Amino acid sequence: MSRNNSSGGSAVIAVIILILALGLLYQCQGAKYGLPVIPMGGATSSSAISSSTTADIDDSEAASAAASVESSAPGGFTYLPATDLMPWSWSSSTIPLPWSATSNADPGYKATTVADNWSPDMCFPLEGLAYANSQFYRPGGDGYVTAEGMASKATYDALHAKAYSDPKQSGWITAANTLRGSSCDPTNYQYPWRDNFCEKRSGDNALCHGAKGHQGQDIRPETCHRSVHWAIAPEDVVIKDVASYTLTVRGTKAPYRIYRYLHMNPEYIARWQPLEGTTTVVAAGRKLGRVGDFGPKGASYTSVHLHFEIRLSVAEPVNGTLRPVNTFVPPYSALVAAYQRKLAGNACPVTAW
Amino acid sequence: MNGKIMPLAAVALAVMLGGGIAVSPQAQDAAPRVLEPAPIDWKTLSRVYNPGVAAKSRGTRGLRVRNEQVDTTTLPILLPDATTGVSRDGLAFMSLGDVYDVNLPQPVKGLTVLLSGTRVFVASQPGMFKGVKFDQVNMGGQPVEALFSQTEDGWMASFSRFGMSYTIEVICDADAAMSYCADSAYIRKIAAGMTEVVLGAQAEREFVAATGGGNTTQPPPNPGKPTDAVAAPVNRDILKRQAANNPVKP
């Protein structure tokens with residue numbers, strides 16, 4: 001009798017362990033295979049954006065109104081696990097067309113990459129609400145095709161030709177929107193968040209499968225309006241470099257992380273241009289500039305978002321000695337933790353421009 | 001009946017816990033460990049350190065105006081030599097002691113060369129860079145492993161010398177500069193020419209102390225007040241003793 005009871009208890013424990021493992025596996029891998037993922041919290045809604053194209057609003061009043069929501073952060077934030085990229089973003093095809101051969105053999109992150117929190121005390125780098133997700137594989141991105149665009153290859157080819165062969169021709173914007181959708185699509189401004197470090201890109205990233213992949217995390221600000229939402233200093237930093245649309249800063253405390261902000265409004269970040277013989281220290285939470293869609297030459301280049309990178313010198317033991325490598329590290333876990341602190345009312349105090 | 005309900009309850013509890021483990025923010029708060037500042041391999045440095053070249057490099061405008069920052073820099077500062085063609089006219093230097101940054105805007109619109117060095121690393125688990133292709137760079141006659149990466153707006157090279165971590169970055173963000181980032185040729189040329197070594201006063205003191213008695217040294221517990229670079233001792237005697245191993249004559 002006692003032996004039977006013992007076996008029953010062991011069976012229950014075994015079932016619990018099995019279910020725990022399945023639950024963990026499901027959370028990590030479920031979304032990758034198109035399975036629904038249990039959200040962490042409540043509903044998945046937020047501000048819905050109705051404009052059809054990127055809006056260029058530089059008016060400071062509108063900016064303040066749109067961005068001053070930090071103190072009333074709503075609940076309902078959900079996010080998918082780190083390393084869980086959009087299914088087609090790690091496929092061998094750049095465009096998820098039904099007629100494209102997608103092997104899904106390229107799993108994004110390398111198995112050995114540590115996706116832990118690489119900046120545990122970081123301030124969230126954007127003021128207001130934010131939506132971390134892919135710019136490339138969601139509406140408005142080059143890796144996205146609307147249902148109408150995907151209706152047939154002939155339709156796709158016609159829209160593509162119209163949109164890209166001669167952008168000056170009549171109707172090309174309509175064709176482009178039909179083909180790719182709009183970056184202001186409300187679905188881009190909803191939770192859950194999704195990691196896109198190691199998303200398929202041409203750039204090199206030693207931490208991604210095939211040593212290629214996205215080197216940071218893309219984050220949409222609260223709305224798709226350009227030059228409205230503020231980027232925030234992640235910790236006490238010094239200005240390392242100001243380029244035409246990128247701002248690079250370095251933490252003043254060990255391990256002296258480097259943070260890069262891309263697609264910034266050039267007029268704002270120009271303020272930080274270091275003067276010879278001086279070191280500009282910027283306090284955590286200080287406004288750094290406004291987020292836009294800027295690229296080389298300060299031109300409109302992408303959707304309105306912040307490309308946020310963290311770089312570190314990471315050392316691994318090789319043959320008994322440490323080999324340091326300055327590398328991009330996954331920012332997603334740090335961003336999730338910082339955003340949760342912010343929503344809980346523990347945001348870094350944002351100081352005026 | 002109870003025998004059927006209990007396992008089901010356990011399963012339900014396990015499912016809830018399973019989900020909780022995967023999504024708990026605490027689970028993602030694990031932070032990689034920051035290591036103590038790495039020891040500098042002064043012995044290797046002594047084979048290539050040339051005080052004459054260093055003095056000339058220190059005379060570069062951007063370094064000269066920041067003598068105090070140079071002197072508090074605890075690790076060797078690497079600069080590109082003349083073979084690289086990198087202009088130092090707009091050089092800006094900034095140091096936090098165990099890490100430094102050099103900003104070199106080039107006389108081509110949109111072209112910037114950034115250099116940095118650090119002795120503070122974060123520990124990774126073994127194998128994090130397994131399979132990564134490091135290239136061999138001939139850096140002034142010394143074979144050095146470097147990792148070249150194309151970035152969103154240019155190129156980056158990471159390499160280690162004297163136990164430290166160094167980075168070169170080339171940013172191209174205007175039409176005139178794009179050809180410099182079309183491939184890795186330009187950054188590779190810079191990497192090959194990263195041969196000029198500058199020591200601040202504190203690093204110079206460590207260098208003297210270390211090469212007189214051992215191969216490597218830990219950073220001093222209390223760095224003390226930096227001294228003026230002009231008054232810093234030049235290590236000519238030690239360099240003479242090691243001239244047999246020194247390809248660059250002092």
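Model, not experiment: these values are computed from the prediction. Just the heavy atoms: all of them, side chains too, but no hydrogens, waters or symmetry mates, feed the values below.
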Worksheet entry | Contact class of A:T248 relative to chain B, heavy atoms under 4.5 angstrom | neither
Practice prompt. Identify which part of B:R64 has an atom lying under 4.5 Å from any heavy atom of chain A, answering side chain, backbone, both or neither.
Written response: neither
Worksheet entry | Spacing of OG belonging to B:S149 relative to CD belonging to A:Q215, to within rounding of 0.5 Å | 7.0 Å
Discussion item. Treating A:E316 as the side-chain partner and B:S124 as the backbone partner, does any N or O pair qualify as donor plus acceptor under 3.5 Å?
Written reply: no
Practice prompt. Heavy-atom pairs under 4.5 Å with chain A are the metric here; pick the option from B:K130, B:K109, B:R61, B:Q69 that has the most.
Written response: B:R61
Worksheet item: Tell me, do B:M94 and A:I239 make a side-chain contact under 4.5 Å, heavy atoms counted?
Response: no
Worksheet item: Could you state the interatomic distance from OH (A:Y245) to CG (B:D173), rounded to the nearest 0.5 Å?
Response: 6.5 Å
Practice prompt. Under 4.5 Å heavy-atom distance to chain B, tell me which part of A:S244 shows up: side chain, backbone, both or neither.
Written response: both
Practice prompt. With a 4.5 Å cut-off on heavy-atom pairs, point out which of B:S95, B:C172, B:A92, B:G127 contacts chain A the most.
Written response: B:G127
Worksheet item: Side chains of A:V318 and B:F129: closer than 4.5 Å at any heavy-atom pair?
Response: no
Worksheet item: What's the verdict on side-chain contact (heavy atoms from CB on, under 4.5 Å) for A:V329 and B:V122, showing C-alpha distance, side-chain angles and the deciding distance?
Response: CA-CA 11 Å; A:V329 292; B:V122 172; over 6 Å; no
Worksheet item: Are B:L35 and A:L322 close enough that some pair of their side-chain heavy atoms sits under 4.5 Å apart?
Response: yes
Practice prompt. Identify which part of B:L96 has an atom lying under 4.5 Å from any heavy atom of chain A, answering side chain, backbone, both or neither.
Written response: both
Fill in: Side chain / backbone / both / neither for B:M164 at chain A, heavy atoms under 4.5 Å
backbone
Worksheet item: Do any N or O atoms from the side chain of B:D101 and from the backbone of A:K240 form a donor-acceptor pair under 3.5 angstrom?
Response: no
Worksheet item: If you measure from CE on B:M128 to CZ on A:R323, what distance do you get to the nearest 0.5 Å?
Response: 12.0 Å
Fill in: B:E169 with A:R311: basic N within carboxylate O range, under 4.0 Å
yes
Fill in: Side chain A:N326, main chain B:Y166, donor-acceptor under 3.5 Å
no
Worksheet item: At a heavy-atom separation under 4.5 Å, does A:A243 approach chain B through its side chain, its backbone, both, or neither?
Response: both
Worksheet item: Would you find more than 12 non-hydrogen atoms of other residues, nucleotides or ligands less than 6.0 Å from B:Y186 atom OH?
Response: yes
Item to complete: Please look at B:T167 and chain A and tell me whether the side chain, the backbone, both or neither of the residue comes under 4.5 angstrom of a heavy atom of that chain.
Response: side chain
Worksheet item: Considering only heavy atoms, which portion of B:D153 lies under 4.5 Å from any heavy atom of chain A: side chain, backbone, both, or neither?
Response: both
Practice prompt. Could you tell me the separation between the CD atom of B:Q125 and the OG1 atom of A:T113, rounded to the nearest 0.5 Å?
Written response: 8.5 Å
Worksheet item: Once you round to the nearest 0.5 Å, how far does OG1 of B:T112 lie from CG of A:D241?
Response: 5.5 Å
Fill in: Residue pair B:V132 / A:K110, side-chain heavy-atom distance below 4.5 Å
yes
Practice prompt. Take B:F148 and A:D204 through the side-chain contact (heavy atoms from CB on, under 4.5 Å) test and state the conclusion after the steps.
Written response: CA-CA 8 Å; B:F148 292 93; A:D204 301 311; over 6 Å; no
Worksheet item: Thinking salt bridges, do B:E152 and A:R260 make one under a 4.0 Å N-O criterion?
Response: no
Worksheet item: Tell me, side chain or backbone of A:S202 under 4.5 Å from chain B's heavy atoms, or both, or neither?
Response: backbone
Worksheet item: Checking heavy atoms, do the side chain of B:F134, its backbone, both or neither come under 4.5 Å from chain A?
Response: side chain
